[in-house]
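Here the structure comes first, spelled out in structure tokens, and everything after it is commentary.
Because only heavy atoms are used, hydrogens play no part in the values below, and waters and symmetry mates are left out as well, while side chains stay in. Since this is a predicted model, take the numbers as computed values, not measurements. The chains referred to below are lettered A, B, ... by the order of the sequence lines, with proteins before strands, and numbering in each begins at 1.
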Amino acid sequence: MRYSRMLLPTLKESPADAEVISQKLMIRAGMIRKVAAGIYNLLPLGHRVVRKVEAIVREEMNRAGAQEVLMPMVVPAELWQESGRWDAYGKELLRLKDRHEREFCLGPTHEEVITDMVRREVRSYRELPLNLYQIQTKFRDEIRPRFGLMRGREFIMKDAYSFHATPESLDREYENMHRAYTRIFERCALQFRAVEAETGAIGGRFSHEFMVLADSGEDSIASCTRCGYAANIERAEVREPHPERPLGELPVERVSTPGMRTIEEVSAFLKAAPSAMIKTLIYETDRGIVAALVRGDHQLNEFKFRNALNAAWVRLADEAAVERATGAPAGFAGPVRLKVPVYADHAVRRIFDGVTGANEKDAHLVHVSAARDFPGASYADIRNALAGDMCPRCEGAFEIRRGIEVGHIFKLGTKYSEAMGATFLDEEGRERPAIMGCYGIGVGRTAAAAIEQNHDEAGIIWPGPLAPFDCEVLPVNVNDEGTKKTAEALYERLSSELEVLLDDRDERAGVKFKDADLIGIPVRVVVGERNLKQGKVELKVRKTGETKLVGIEEVSAEVGRVLGK
RNA sequence: CGGGGCGUAGCGCAGCCUGGUAGCGCAUCUGCUUUGGGAGCAGAGGGCCGGAGGUUCGAAUCCUCUCGCCCCGACCA
């Protein structure tokens, strides 16, 4: 490809609203342009990278025995009504009507459509297992799209769905997909971890997320520094290490804390450590108003809390509800003599000389002991894991890192097949619902994650397998005949084996060098008068910055060696 | 959804408070010089100042409405 003919509009400055590095660099490198909130054009360079990711995904999915299909993006409402998700999915589902006022949605995921496809065609256990996938544009009307391709509303996703006659067959496919995903992200040269995760709105009980490690990630993951245990913080089990403590000896005392509402304020005012404080959060749930207790220095985990309650939904109560439940304005709630059910984190049980709200304006209680002063509380693991917490599986401790979710694999079970009647006849001629699994990969997000992990001040440093071109030939001055001829010849020769970009623009050397650094092609061949006199050109590796003079005849072999091809 | 902010040339921004001919840098185009790390000089083009309504002799500027974009939102309990 000739740079002079390519739509590759690089920018010196990044737009003011770009937040994360991958977004800034993708815009500056002329890969993407925003069309609307969370909706982007992929320009030629960006499209090439996305195609590279897709190709790797496709190869590995095919190798793993899955078959590619393509489902419609516009899905009739009836299918979603059949599964019950038309009402359950909420506002992320973009709904629309056709000219006959029939209702449709833009597919954010395709369990319904694939289940419909399979129920029409599959009759017998002999036709199972089956794993079907597609690479397609999805739409989710996110509340707050951000970070460029990392959290868009429209995005490219590989989604696969498997159908099985037995749980064992699903287990095997789940492991098969786990291995395929590992190969995919290894081939993308990403640093990643597979972690245990919550299942969210998709349904099912069990899942793993594939997380690319990056500080800009939106998820926190807890991983044991000794064994292999790793989990999304939403799910990471916490093992309480503290021994039982004795009951408090001092009687509970009410102290005045005018205007002190936050843990920080009360802690500073009473000179009590946040770990000695009991944070009381009032929740509205489908099972009524409930209080959740965590230690002052801990954070409530709403997923765990909801599971402990066995509730369908939980929502932090507003001021008025707090006042109704506790008799005090927000900021002074406490578990002692509270009239609503109390669910406490295990760590709260160990507090024996604690501080908590008095359920009375401008007052807190001190010398509070959990076992003595609110014995009716139920205990569960309802807080977020912290760095240093004990691993639930071994004697190690957690470290907390940030991750970008690029892949997610689920065991769905029979949720959709039962709701939609996707059944088959087993060996005994009995009709049974297919057991399903589902497996997703964010294609654009994977490209963005690769940049988050591979860049420097000057720009992107593409891992070879994702790079839009393998090699860039850069003639320093195209007005010099010798330079131009040599560059053209090298471009022709290299193009027979590699994807090559020729920067044939009549620009100053500095401009070309800066653009080359920015778009991050792995290998650069610089052709200039100076070195040409010795019959040599300069080869520069983007990642290491290392340069070396190479004879013109050796360029091809040398570039191949650097690329490992 | 709630709170806040911003919409002025392709991009980044000033001007708005205190109403009076719309500016700067980068980018673009032309010419000359320059040519191994985002060149210099000279010149040129490019604006429904997001939209609608209002106040005013006069609105980018003040008021109202509206659309779009961005940021923050358990850790106040």
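Under a 4.0 Å N-O distance rule, the pair A:Glu488/A:Lys485 does not qualify as a salt bridge. Salt bridge status for A:Arg235 with A:Glu196: present, with a side-chain N to carboxylate O gap under 4.0 Å.
Going from atom CD of A:Glu507 over to atom C1' of B:U34 covers 13 Å, rounded to whole Å. Taking atom CD of A:Gln299 as the reference point, atom P of B:A77 lies 12 Å away to the nearest angstrom. At whole-Å resolution of the value, CD1 in A:Ile27 and P in B:C70 are 11 Å apart. Look at NZ on A:Lys304: it is 18 Å from P on B:A74, rounded to the nearest Å. Atom P of nucleotide B:U30 and atom CG of A:Asp506 are separated by 12 Å, given to the nearest angstrom. To the nearest angstrom, C1' of B:G68 lies 10 Å from NZ of A:Lys34. The distance between atom CD of A:Gln23 and atom P of B:C69, rounded to the nearest whole Å, is 14 Å. Between the C1' atom of B:A77 and the CD atom of A:Glu265 lies a distance of 12 Å, rounded to the nearest Å.
Here A:Arg445 pairs with nothing under the side chain to side chain donor-acceptor pair (under 3.5 Å) rule; sequence neighbours left out. A:Trp80 is linked by a ring-ring contact (aromatic ring centres under 6.0 Å, His included) to A:Tyr89, counting only residues two or more places apart in sequence or in another chain. When the side chain to side chain donor-acceptor pair (under 3.5 Å) test is applied to A:Tyr40, no partner is found at least two apart in sequence or on another chain. A:Asp297 meets the side chain to side chain donor-acceptor pair (under 3.5 Å) test with A:Arg295; sequence neighbours excluded. For the side chain to side chain donor-acceptor pair (under 3.5 Å) test, residues two or more places apart in sequence or in another chain that qualify with A:Asp456 are A:Arg542. Listed by chain and number, the residues in a side-chain contact (heavy atoms from CB on, under 4.5 Å) with A:Thr262 are A:Glu264, A:Glu265 (sequence neighbours excluded). Not counting sequence neighbours, the partners of A:Leu386 by the side-chain contact (heavy atoms from CB on, under 4.5 Å) test are A:His298, A:Arg383, A:Asp389. When the side-chain contact (heavy atoms from CB on, under 4.5 Å) test is applied to A:Glu253, the partners found at least two apart in sequence or on another chain are A:Val255, A:Val366, A:His367.
In this structure, the separation between NE2 on A:His455 and CH2 on A:Trp462 is 12.0 Å, given to the nearest 0.5 Å. Remark: A:Glu323 CD to A:Phe332 CZ distance equals 11.0 Å, nearest 0.5 Å. Here the CE-CD distance, from A:Met211 to A:Glu218, works out to 10.0 Å after rounding to the nearest 0.5 Å.
Comparing the P positions of B:U28 and B:U18 gives an interatomic distance of 41 Å, to the nearest angstrom. If you take atom P in B:A27 and the same atom in B:G38, they sit 13 Å apart, rounded to whole Å. Spacing between B:C6 and B:G15 at atom P, rounded to whole Å, works out to 11 Å. Here the separation of B:A42 from B:U34, taken at their C1' atoms, is 15 Å to the nearest Å. Taking atom P in both B:G73 and B:U61, one finds a spacing of 33 Å when rounded to whole Å. For the P atoms, the distance from B:C48 to B:G43 is 26 Å, rounded to whole Å. The separation of B:U8 from B:G47, taken at their C1' atoms, amounts to 8 Å, rounded to a whole angstrom. Taking the C1' atom of each, B:C67 and B:G53 are spaced 14 Å apart, rounded to whole Å.
Summarising the base pairing, B:A77 is matched to no nucleotide, lacking a Watson-Crick or G-U wobble pair whose two defining distances lie under 3.5 Å. Under the Watson-Crick or G-U wobble criterion, with both distances below 3.5 Å, B:C48 has no partner in any strand shown. Taking a pair to require two hydrogen-bonding distances under 3.5 Å in either a Watson-Crick or a G-U wobble arrangement, B:C17 remains unpaired. The partner of B:C24 is B:G12, judged by Watson-Crick or G-U wobble contacts that both fall below 3.5 Å. B:G36: no Watson-Crick or G-U partner with both key distances under 3.5 Å is found in any strand. Nucleotide B:G68 forms a Watson-Crick or G-U wobble pair with B:C6, both donor-acceptor distances falling under 3.5 Å. Using N1 to N3 plus N6-O4 or O6-N4 for Watson-Crick, or N1-O2 and O6-N3 for G-U wobble, each under 3.5 Å, B:C29 pairs with B:G43.
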If a protein heavy atom is under 4.0 Å from the base, mark B; if only from the sugar-phosphate, S; if neither, -; do that for nucleotides 36-49 of chain B going 5' to 3'.
BBBB----------
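For A:Leu316 and A:Ala36, each mapped to the nucleotide of RNA chain B holding its nearest heavy atom, the one lying further toward the 5' end belongs to A:Ala36. Both A:Gly334 and A:Arg153 sit near RNA chain B, but only A:Arg153 has its closest nucleotide nearer the 5' end.
Checking B:C70, B:C72, B:C75 against the side-chain heavy atoms of A:Arg146 singles out B:C72 as nearest. Closest to the A:Leu300 side chain, of the nucleotides B:C1, B:U35, B:A74, is B:A74.
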Would you tabulate the pairs of protein nitrogen or oxygen atoms and nucleotide nitrogen or oxygen atoms of nucleotides 23-25 of chain B closer than 3.5 angstrom?
{"from": "B:G25", "atom 1": "N2", "to": "A:Glu13", "atom 2": "OE1", "distance (Å)": "3.4"}

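No engagement by A:Ala328 is indicated, since no non-hydrogen atom pair under 4.0 Å with the nucleic acid exists.
Legend: side-chain hydrogen bond (donor to acceptor under 3.5 Å, both in side chains) pairs involving residues 519-538 of chain A, not counting sequence neighbours, sorted by first then second residue: A:Asp517-A:Arg524.
For B:C75, the OP1/OP2 oxygens have no side-chain nitrogen or oxygen of A:Arg383 closer than 4.0 Å.
Near-neighbour residues of RNA chain B inside residues 270-279 of chain A, defined by a heavy atom below 4.0 Å, number-ordered: A:Lys279.
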